[in-house]
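Side chains are part of it too, since the values below use all heavy atoms of this structure and drop only hydrogens, waters and symmetry mates. None of these values were measured; they are calculated from a predicted model. Read the numbers this way: they start at 1 and go in the same order the structure lists the ligands and their atoms.
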Amino acid sequence: MEVIIRKDAEAGCILGAKIIARLVHEKPTAVLGLATGRTPLRLYQELIRMHRDEGLDFSRVTTFNLDEYVGLPGTHDQSYRYFMRENFFRHINIDQSRTHVPNGTATDLHEECRAYEHRIALAGGIDLQLLGLGRNGHIGFNEPSGSLRSRTWIKILSEQTLRDNSDVFGNRESMPRHAMTMGIGTILDARRCLLLAFGPPKTRAVQAMIEGPLAAICPASALQLHPRATVIVDEASASALEYADHYRWIDANKLPWQRYD
Ligand code: GLP
């Protein structure tokens with residue numbers, strides 16, 4: 001796992017955007033796995049700026065989002081389809097038909113899960129999967145204790161996640177308790193993973209993910225198995241890392257071609 005510690009979320013998101021922009025430059029037909037949540041918002045803003053000011057071209061890019069709430073149509077303002085359209089897609093030159101978000105209102109949800117996996121395979125697999133981190137160590141909506149080899153499926157949200165995400169729904173009762181999410185196995189199949197985690201609420205999960213044992217109780221720890229996982233954290237979320245100086249040392253001694261900025 002490549003651990004990069006930056007001063008704050010702003011610096012971390014700018015670096016994350018550079019990594020994605022470089023991939024899109026090198027491979028204009030890249031398949032990007034995308035994430036929602038507060039964490040990647042600034043990264044999307046920077047990619048939008050690069051599109052506007054530097055001509056970063058998304059016209060041949062394909063995207064697959066990690067997850068969606070069960071029961072929310074794409075027109076619902078808390079659906080992840082809506083989030084992606086408002087915060088990213090409508091500001092860039094992406095072909096909407098190449099953007100994929102699981103359909104949480106499908107009549108046959110299990111069939112939709114299988115079809116989602118199939119669509120990813122047909123696109124040639126995911127080149128880079130962007131990830132946020134739940135306070136309880138979840139990635140996508142893969143909650144603690146789920147299988148580390150799971151595929152896209154319907155998951156029950158934990159009470160912690162309901163607490164963390166319910167503020168935007170107004171109250172906890174109107175928030176769905178189920179979500180369709182890529183599984184950990186699906187995420188680990190991406191050729192590259194890029195996880196962002198910032199701020200004090202993520203400190204414990206960051207420590208468990210990077211330094212804890214590989215364990216289903218911290219789903220993000222599965223990234224320790226990935227051959228090319230990059231984790232960008234800020235000083236606050238890195239504050240419990242026992243080996244922080246080691247990660248900084250590695251970062252400071254990278255060869256020019258190993259650097260992103
Ligand atoms: C949600 C999403 C995750 C996201 C996490 C963290 O539960 N399903 O993909 O990473 O929340 O959200 P935030 O970035 O808002 O802290």
Trainee: Counting distance only, does the side-chain N/O of Gln224 pair as donor-acceptor with the main-chain N or O of Gly212 below 3.5 Å?
Mentor: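 Yes, the answer is positive, given that a donor and an acceptor are paired below the 3.5 Å cut-off.
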
Trainee: Using a strict cut-off of under 4.0 Å between a residue heavy atom and any atom of ligand 1, list the qualifying protein residues by chain and number.
Mentor: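 Protein residues near ligand 1 are Gly37, Arg38, Thr39, Asp67, Tyr80, Gly132, Leu133, His138, Gly140, Phe141, Asn165, Lys202.
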
Trainee: Salt-bridged, Asp127 to Lys27, with N to O below 4.0 Å?
Mentor: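 Result for this pair is yes, salt bridge flagged.
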
Trainee: Would you find a donor on one side and an acceptor on the other, under 3.5 Å apart, between the side chain of His91 and the backbone of Tyr44?
Mentor: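 Pair absent, no side-chain N/O of His91 close to backbone of Tyr44.
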
Trainee: Would you find a donor on one side and an acceptor on the other, under 3.5 Å apart, between the side chain of Asn165 and the backbone of Leu162?
Mentor: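 Answer holds: no.
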
Trainee: Go through Arg163 and Glu159 one step at a time and tell me if the salt bridge (charged side-chain N to carboxylate O under 4.0 Å, His left out) criterion holds.
Mentor: CA-CA 6 Å; Arg163 273 197 299 275; Glu159 289 188 279; 5.3 Å; no

Trainee: Verify the neighbour count for atom OH of Tyr243: are there more than 12 heavy atoms of other residues, nucleotides or ligands below 6.0 Å?
Mentor: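 Not more than 12 within 6.0 Å, no.
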
